[in-house]
Amino acid sequence: MPAASAIRVMVVDDQASMRAMVRHALQDLGFKDIRDKAEAADALEAIRADRVHLILSDYNMPGMSGLDFLKAVRADPVLGKTAFIMLTGSADRGVVQEAAAAGVNNYVVKPFAPAALKEKIERVFGELS
């Protein structure tokens, strides 16, 4: 049962309002070390320099998509096992299947309640203390 405060998180979304909302929800759950980036390429560079335990990434972003970001993380020998939860505005089954095939740990359909985010994180890490 990990303490949320011990889990380092990277939030990646091109919309500042969504990054702020996710950050607030994580803080309410007890997370303390929360980083965020607007672009997946910047996030990839940042987590290579300073690793995190959990990545929460939007699916649909300009430049490097969330799916391409996931594939880059999974292909990296150091970062490959990092927990990765995809945030998507689409409940499209194809999107979910594509992310699952690429190795996503879980996904959350936007908009979502903080309780739904907590549930998805706990499915990956176990119950948060």
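Atoms considered below: every heavy atom in the structure, side chains included; atoms not considered: hydrogens, waters and symmetry mates.
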For residues 101-120, tabulate all N or O donor-acceptor pairs below 3.5 Å that involve a side-chain atom, not counting sequence neighbours.
{"unit_1": "Asn105", "atom_1": "OD1", "unit_2": "Arg74", "atom_2": "NH2", "d": "2.8"}
{"unit_1": "Asn105", "atom_1": "OD1", "unit_2": "Phe84", "atom_2": "N", "d": "2.8"}
{"unit_1": "Lys110", "atom_1": "NZ", "unit_2": "Asp13", "atom_2": "OD2", "d": "3.2"}
{"unit_1": "Lys110", "atom_1": "NZ", "unit_2": "Asp58", "atom_2": "OD1", "d": "3.0"}
{"unit_1": "Lys118", "atom_1": "NZ", "unit_2": "Glu122", "atom_2": "OE2", "d": "3.4"}
{"unit_1": "Glu119", "atom_1": "OE2", "unit_2": "Arg123", "atom_2": "NE", "d": "3.2"}
{"unit_1": "Glu119", "atom_1": "OE2", "unit_2": "Arg123", "atom_2": "NH2", "d": "2.5"}
{"unit_1": "Lys120", "atom_1": "NZ", "unit_2": "Tyr107", "atom_2": "O", "d": "3.4"}

Show every ring pair (Phe, Tyr, Trp, His ring centres under 6.0 Å) that has at least one partner inside residues 13-42, sequence neighbours left out. none
At their closest point, which heavy atom of Val124 faces which heavy atom of Ala83, and how far apart are they? CG1-CB, 3.6 Å
Residue pairs fulfilling salt bridge (Lys or Arg N to Asp or Glu O under 4.0 Å) with at least one residue in residues 17-32, sequence neighbours excluded: Arg19-Asp36, Arg23-Asp36
Any salt bridge (Lys or Arg N to Asp or Glu O under 4.0 Å) involving residues 96-105? Give me the pairs, sequence neighbours left out, ordered by first then second residue. none
The reported gap from CD1 in Ile55 to CD1 in Ile47 (rounded to nearest 0.5 angstrom) is 3.5 Å
Is the number of heavy atoms from other residues, nucleotides or ligands within 6.0 Å of CD (Gln27) greater than 12? yes
Set of side chain to side chain donor-acceptor pair (under 3.5 Å) partners for Asp76, sequence neighbours left out: Arg48
Mind checking what makes side chain to side chain contact (heavy atoms under 4.5 Å, CB included) contact with Ala20, not counting sequence neighbours? none
Between Ile7 and Leu128, is there a side-chain heavy-atom distance shorter than 4.5 Å? yes
Consider only side-chain heavy atoms of I, L, V, M, F, W and Y, link residues closer than 4.5 Å, and tell whether Tyr59 and Ile85 are in one cluster. no
Stepwise, does the side chain to side chain contact (heavy atoms under 4.5 Å, CB included) test hold for Leu44 with Val73? CA-CA 7 Å; Leu44 187 58; Val73 168; 4.1 Å; yes
So, does Arg51 use its side chain to make a donor-acceptor pair with the main chain of Val78 at under 3.5 Å? yes
By side chain to side chain contact (heavy atoms under 4.5 Å, CB included) - contacts of Asp33 (at least two apart): Arg8, Arg35
Between CG on residue Leu79 and CE on residue Met10, distance to nearest 0.5 Å: 10.5 Å
Expected list for residues 61-70: side-chain donor-acceptor pairs under 3.5 angstrom, two or more places apart:
{"unit_1": "Ser65", "atom_1": "OG", "unit_2": "Leu67", "atom_2": "N", "d": "3.4"}
{"unit_1": "Ser65", "atom_1": "OG", "unit_2": "Asp68", "atom_2": "N", "d": "3.0"}
{"unit_1": "Ser65", "atom_1": "OG", "unit_2": "Asp68", "atom_2": "OD2", "d": "3.4"}

Can you hop from Phe125 to Leu87 via hydrophobic side chains spaced under 4.5 Å? yes
Same cluster for Val11 and Ile121 if Ile/Leu/Val/Met/Phe/Trp/Tyr side chains link at under 4.5 Å? yes
Would you say Val9 and Met18 are hydrophobically clustered, going by side-chain heavy atoms of ILVMFWY under 4.5 Å? yes
